[in-house]
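Below: one structure, written as structure tokens.
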Amino acid sequence: MVELKKIISHCKEYGFIFPSSEIYDGLAATYDYGPFGVELKNNIKQSWWRSMVRENENIVGIDSAIFMHPSIWKASGHIDAFNDPLIDNKESKKRYRADVLIEDELEKYQQKINKEILKAKKRFGTAFNLSTFQTTHPRVVKYSNKITSISKRLSDSLEQDSLDELKNIIEELEIRCPVSGTTNWTDVRKFNLMFETKVGALANESSKLFLRPETAQGIFVNFLNVQKSARKKIPFGVAQIGKAFRNEIVARQFIFRMKEFEQMEMQFFVRPGEEIKWYNFWKESRMDWHKSLNLNFGNYRFHDHQNLAHYANAACDIEFEFPIGFKELEGIHSRTNYDLSQHQNFSKKRLSYFDPDQKESYIPYVVETSVGLDRLFLSILCGSFVEETVNNEQRIVLKIPPKLAPVSVAVLPLLKKEELTDKARDIFTNLKSTFSCHFEEKDSIGKRYRRQDAIGTPFCITVDHDTITDNQVTLRDRNTMQQERIPIIKLNKIIKERLDI
Ligand code: ATP
């Protein structure tokens, strides 16, 4: 798969993503979406919304405010428990996430294993047997055992909130600060990830608000409003797309981890006791959705959580193989009735539901699907980025799923001559109300095709001299680069059919 740095420079060059505040030297972990980026992002949102809300009779949407009553974050547990474990190096004064330092160290062991495997593959050729090698080679066995035992201790200490144990692991592994190169660490401390802000003229404690770190709570506090106004019976879901904010200290890896990002979440309210059935349903359904994107490099896997958060009775991540390895793309969580019960306790308002079929009231259980829009965007770019040589020509092409492509159709007059550009403009005007269209007359046709490939445009229409007399154009397919003559009158129908995959 492509390296991340190639994706980053491609995004900048072709107007997908720019570093935020760039002319002021940028602002860490914040990014701006450019002309083609915003189109792709909007298409991803629409596609998710369509599959969640439009295609499910029992799911409706909302758009709740970013600012919410501060007690919401007390009830949800974010004030007390939404923390990262941080550690400082005393020499460099740099701050790190303790768990990430350990994970990075484990990654080094993994790389050592990969190197050994590569060496052995070369040496033994076709006789090489991976599973035998992994279970018998002494160094590989040693590294694997280390990874397993440290991973277990890491997840236990995170689960049990044991900051001392995290420090112990860092000392045992003799992890050095990447800047100072020393092992002179402070103790591990907790750091809350929520951003604070003030409202009103008086800057006192009572005017303190938080920027929401997830969109889910906006759904929980509106549960009865939505249920009553949309006249929904359980089971039903509420979906929302919106910004979330987290003061991530280790915010590297481009748009994978940002301080300001967008989430697409759906909370599905179910009868107590039926949550695991629905959890399994959404787990499969979301995985199918990702796979249906049919990316060129689309490797997904489930990561079932062994250590569950106190409010969950089942949880997993859908991981995607990014250039930085398999990482979380979406979380599916069975959150029990924790959130609604907490809000009922804190707000002193009843949040129970009367089930007309069972003739009883209860606080519904919730199954959540939560995907980061920006991470999904990154997965689609990484999974679509192809460098290939076709007919002795090299090209970079984004094989983005056609229905998501920022531009669906580019209309290109072969030459910058009035009769060709006029004809091409007519075609452009006819198509632009149905498709996202782009008109371009500058540069040679070859260069324009390359540019559209790099943006991921599935179809190019070329208007040439013959078009004037025969009313046909050349339709070029992005993936196959095949060109065919098509009557102008049939363009709309053909493109519609081919985009609607
Ligand atoms: P991670 O372990 O990577 O920090 P998380 O488990 O905290 O993620 P959730 O709270 O489950 O993430 O959030 C749901 C989804 O929101 C994630 O699967 C991810 O796609 C997205 N997300 C979370 N944090 C960020 C971030 N800082 N930048 C971009 N997307 C994010």
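Just so you know, residue 1 is the first one in the sequence shown, and it goes up from there. In listed order, ligands and their atoms are each counted from 1.
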*Please determine if Glu265 has a nitrogen or oxygen closer than 3.5 Å to a nitrogen or oxygen of ligand 1.*
no
*Which protein heavy atom lies closest to atom 19 (C) of ligand 1, and at what distance to 0.1 Å?*
Arg375 NH1, 3.4 Å
*Cationic tip of Lys41 within the cone over Tyr33's six-membered ring, i.e. under 6.0 Å and within 45° of the normal?*
yes
*With only distance considered, is Met258 within less than 3.5 Å of ligand 1 through an N or O on each side?*
yes
*Among protein heavy atoms, which lies nearest atom 4 (O) of ligand 1, and at what distance?*
Arg257 NH1, 2.7 Å
*If you count the atoms of ligand 1 from 1 in the order shown, which ones are under 4.0 Å from a heavy atom of His333?*
11 (O)
*N or O pair under 3.5 Å between Gly372 and ligand 1*: yes
*asked:* Would Asp374 count as a contact residue for ligand 1, given that I'm defining contact as a non-hydrogen atom of the residue lying under 4.0 Å from a ligand atom?
replied: no
*Look at the rings of His290 and Tyr300 and say which category their plane angle falls in: under 30° parallel, 30 to 60° tilted, over 60° perpendicular.*
tilted
*At a 4.0 Å cut-off, with the gap strictly under it, does some heavy atom of Glu330 reach an atom of ligand 1?*
yes
*Counting both backbone and side chain atoms, is some N or O of Leu329 under 3.5 Å from an N or O of ligand 1?*
yes
*What class does the angle between the rings of Phe320 and Phe322 fall in, given that below 30° is parallel, 30 to 60° is tilted and above 60° is perpendicular?*
perpendicular
*Within 45° of the ring axis of Tyr143 and under 6.0 Å from its six-membered ring centre, is that where the NZ or CZ of Lys146 lies?*
no
*Using a strict cut-off of 4.0 Å, indicate which atoms of ligand 1 neighbour a heavy atom of Glu248.*
24 (N), 26 (C), 27 (N)
*From the options Phe261, Phe245, Phe320, select the one whose nearest heavy atom is closest to atom 30 (N) of ligand 1.*
Phe261
_Option nearest atom 7 (O) of ligand 1 (shortest heavy-atom distance, choices Arg97, Gln263, Arg246)_ = Arg246
*Specify whether Trp282 and Phe268 have parallel, tilted or perpendicular ring planes, treating 30° as the upper limit for parallel and 60° as the lower limit for perpendicular.*
perpendicular
*Describe, in one word, how the ring planes of Phe36 and His438 are oriented to each other, choosing from parallel (under 30°), tilted (30 to 60°) and perpendicular (over 60°).*
tilted
*Nearest protein heavy atom to atom 29 (C) of ligand 1, by residue and atom, and its distance?*
Phe256 O, 3.2 Å
*Would you mind checking which non-hydrogen protein atom is closest to atom 8 (O) of ligand 1, with the distance to 0.1 Å?*
Glu328 OE1, 3.7 Å
*Answer with yes or no whether the side chains of Gln46 and Asn42 bring together a donor and an acceptor at under 3.5 Å.*
no
*Would you check if there is a donor-acceptor pair between the side chains of Gln240 and Ser64 at a distance under 3.5 Å?*
yes
*Between Phe220 and His343, how do the two ring planes meet: parallel, tilted or perpendicular, split at 30° and 60°?*
tilted
*For the residue pair His303 and His305, categorise the inter-ring angle as parallel (less than 30°), tilted (30 to 60°) or perpendicular (more than 60°).*
tilted
*Which residue owns the protein heavy atom closest to atom 14 (C) of ligand 1, what's the atom, and how far is it?*
Ser370 OG, 3.0 Å
